[in-house]
Every structure is written in structure tokens, then in C-alpha cells.
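Inspection log for the structure reproduced underneath, given as C-alpha cells.
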2 protein chains.
Amino acid sequence: MADIKSGPNPLFLREEDLRQGIELLFYAYRDFTAEPDAMLAKIGLGRAHHRVVYFVGRYPGITVTELLGILQITKQSLSRVLSDLVDQEYIAQRPGTKDRRQRLLTLTDKGVDLERSLSDAQRARIASAYRAAGAAAVEGFRTVMLGIIDAEDRAKFPPPGKR
Amino acid sequence: MADIKSGPNPLFLREEDLRQGIELLFYAYRDFTAEPDAMLAKIGLGRAHHRVVYFVGRYPGITVTELLGILQITKQSLSRVLSDLVDQEYIAQRPGTKDRRQRLLTLTDKGVDLERSLSDAQRARIASAYRAAGAAAVEGFRTVMLGIIDAEDRAKFPPPGKR
DNA sequence: GAAATAAGTCAACATGGCTGACATAAAATC
DNA sequence: GATTTTATGTCAGCCATGTTGACTTATTTC
């Protein structure tokens, strides 16, 4: 048996720290998505639907182009899941007022309920981790995560004082 | 246009913090996987291959069952990518010595090269984020990430003193 | 000797990415 | 006012990666 329990093979400390960072991201994301994925499967939706519902809830009135910029997928990929959500009345579309080419996306009441029930497991996980870790650790977490995220998107996370 | 730049719609602070946590994970994972994914595409492999190569490199001699436990996918899913990697000689298999039913997995020299070139982008990203954030922030990051990860796997991350 | 375990295989299916080509409406530009 | 650009949508097909179910083989454990 490989030495999983006894720890990894010897490496330089620095290398080990970086590997640990890689793995923290892998395991955290794996466990973070598992619960909503299981719920989604029961109603015939997938993780991609969750992402769309999440960000439409986050930014009510968001346009398709803006959503594509966040998700970083093609419009054809988005179209598939967005159509499902509109057809099943989780999401409503209305034309933009200034630019009538745009479709402004909002959650319906049904969509709000779905988003909440899906993300609640994730909120609970974050809340529990934050509570256990304490404010200083949370601030460190935020700082490191921002450093991992491409600079273009860091502005989406205003510093604590500005919130 | 939705108020992406001017910040999200008003919410209770606590709710806002939790949303921020969710989004930090989404954006960090998205950007963390983008570079290796692009490299993999060029050689006809995918993210699943990267994961396997990564963990075989991490735990030389790991068994198939152990790998399945880490990846949390079915053996049929693993089989497909693992066969590719063995066929293309990135990974070697040898029977276990104590239990000859097992196939112990190791990287070949070619596999080591692949793993390194793929993960280097990720290592660089982590290293840069760690350097910019400082040791205290890194410790906070570690603590929060461990809180997000299911308890069963936290033992894979020994505390700093033990490393 | 029987049962459990480690690993593998075949088949079929779903999800969610992708490319390319093309269409429509509205806005912006010359 | 005509042209070009932009926002959005659609059709078709392909690929990667997950799933379930059924079944096999070799080996270990009871």
C-alpha cells in the first residue's frame, strides 16, 4: 500500500508547501460541489445550471454577455443550460431598456427558491469553516484566494472596509 | 447593465461574506485549472488525466483503489484515463508485493516530465499568491480550506510543525 | 472450499464543454 | 442613410468525462 496515511514521499519543504496548496484547492472544490450536485441530479439539472442560477441571483439584471464573461464558456454552452432554466421558469428574461438587444436575466420566485436550496449547503460549509477558523484566518484565506484569482476579477471582491 | 462593477445588490453583511466565500472558490478554481487545461488540450489529454498524473506523482506506488478514493469517481471513469496514460507510457503498473491483486502505479520519466510541466503553472500561481500574502495569511488560508474539506481527508494535511 | 476484494471490461447513456456556420435585431459609425 | 458592429440565438456535430449495470479474473481472507 502506498504511504497515504504516513504522508507523502520526502520533498523539499517549499515544493511540499506548493503541493499542499494545489491539493487544498482540489479537495475543497471537490467537497464543496458534491452536495449541490447531488441535489441537482434529483431534479434533472447539473452543476452548470447551478452556476447560472447562482450568478443571476448575485447580479439581478445581468446580461448574457456579462454572464459569459464570468463563466468563461461559449455562448452555445451557456445557451443550453439557460434555455432549460428559462423554459422551466427558474429565470426570466426582459429586454434591456437602454439597449434593447440585451436580455436582462433575473430569478423568478421559483429560481430564488432553487438557488437558495442549492447554495445553502455551500453557505453552511463556508460558515462552519469561517466560524472554526476565526476572523484573522478568514482574512488570510481571502488574501490568498485573491492572489490565485486572475487580476482582472479581483475588483469583484471589495476589501472588508468597503463592504 | 447589471451592477457588476458597482458591486452586488444590498444584503446582510453575513450573507455577503458567505457569498464572497462561494465566489472566491469558484473564481480561484476556474483560473487555477485554465492553464493546465490549455496545455493538456494540445496533447489530446484532459483535466482528468492531469488529476491522475498528479496524484500518482504525489503517492508513488498508489493502488487503483486508493486513487479512486481520492478522485471520488467510478473505476470505469478512472479506467479510461488511466488506460490512456499507461498506453502512452506516462504511468507504469507493477503488481503489489504483499497483495498481488493490486496494481501499484508510478510515473515513468515521461510521466514525471508531464506532471511537472502541467503543475508548474499551478505551483507558480500558488507561490505568487503565497509570497504576496505572507506567512500569516497562508496559515489562515490553510485553516479555512481545511474547514471546507470533509473531515475524513483533513489528515492528509499535517500541521506545519509536523512537516 | 467459499466469500470477499482488487482490478478490469463492455455497453449504453448524460452532461457540459467545444467549433463552425448562420440568422436576426438593434446600436454605433462612417 | 447605408454600413458595420454588437448582442443574442440556433443548428449540427464532436469530445471529454462523468454515470449505471453486468460480468470476469485473480488473489486473498475467512
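Naming convention: chains lettered A, B, ... in sequence-line order (proteins, then strands); numbering from 1 in each chain. Everything quoted here is computed from the prediction, not taken from an experiment.
The salt bridge (charged side-chain N to carboxylate O under 4.0 Å, His left out) search around Arg154(B) returns none, not counting sequence neighbours. Take Asp37(B) and apply the salt bridge (charged side-chain N to carboxylate O under 4.0 Å, His left out) test, not counting sequence neighbours, and it matches Arg47(B). In this structure, the salt bridge (charged side-chain N to carboxylate O under 4.0 Å, His left out) partners of Glu35(A), at least two apart in sequence or on a different chain, are Arg125(A). Residues passing the side-chain hydrogen bond (donor to acceptor under 3.5 Å, both in side chains) test with Ser83(A): none are found, sequence neighbours excluded. Listed by chain and number, the residues in a side-chain hydrogen bond (donor to acceptor under 3.5 Å, both in side chains) with Asp31(A) amount to none (sequence neighbours excluded). For Phe26(B), the ring-ring contact (aromatic ring centres under 6.0 Å, His included) partners at least two apart in sequence or on another chain are Phe55(A). For Arg101(A), the salt bridge (charged side-chain N to carboxylate O under 4.0 Å, His left out) criterion is met by Asp99(A), not counting sequence neighbours.
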message: Within the 4.0 Å limit for protein heavy atoms, which parts of nucleotides 19-30 of chain C are touched? Write it as a string from 5' to 3', B for base, S for sugar-phosphate only, - for none.
response: BBB---BBS---
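The separation between Asp37(B) atom CG and dG16(C) atom P is 17 Å, rounded to whole Å. Distance, Leu105(B) CG to dA7(C) C1': 11 Å, rounded to whole Å. Here the C1' atom of nucleotide dG8(C) and the CD atom of Gln93(B) are 10 Å apart, to the nearest Å. In this structure, Asp87(B) atom CG and dG8(C) atom P are separated by 12 Å, rounded to whole Å. Leu85(A) places its CG atom 13 Å from the C1' atom of dG16(C), with the value rounded to the nearest Å.
Both Ser79(B) and Ile73(A) lie close to DNA chain C; mapped to their nearest nucleotides by heavy-atom distance, the more 5′-ward contact belongs to Ser79(B).
With hydrogens and angles ignored, no donor-acceptor pair under 3.5 angstrom links the side chain of Arg80(B) to the base of dG8(C).
Of the residues Arg58(A), Arg51(A), Lys156(A), the one that meets the salt bridge (charged side-chain N to carboxylate O under 4.0 Å, His left out) test with Glu23(B) is Arg58(A).
Contacts of residues 39-49 of chain B with DNA chain D (heavy atom under 4.0 Å): Gly46(B), Arg47(B), Ala48(B), His49(B).
First and last contacts of DNA chain D with chain B, using any nucleotide atom under 4.0 Å from a protein heavy atom and ordered 5' to 3', fall at dA16(D) to dT28(D).
The side-chain heavy atoms of Leu85(A) and Val56(A), taken from C-beta on, include no pair separated by under 4.5 Å.
For Arg142(B) (side chain) and Gln20(A) (main-chain N/O), no donor-acceptor pair under 3.5 Å exists by modelled atom type.
For Tyr29(A) and Phe32(B), the distance between ring centers is not under 6.0 angstrom.
Ring planes of Tyr27(A) and Phe157(B): perpendicular class, angle over 60° (limits at 30 and 60°).
Helix-axis bend for the helix from dG1(C)-dC30(D) to dC30(C)-dG1(D): the local axis fitted to the five terminal pairs at one end deviates from that at the other end by 30°, rounded to 10°.
For residues 115-124 of chain A, every residue pair satisfying the salt bridge (Lys or Arg N to Asp or Glu O under 4.0 Å) rule, not counting sequence neighbours, is listed here: Glu115(A)-Arg123(A), Glu115(A)-Arg19(B), Arg116(A)-Asp120(A), Arg116(A)-Glu15(B), Asp120(A)-Arg123(A), Arg123(A)-Glu15(B).
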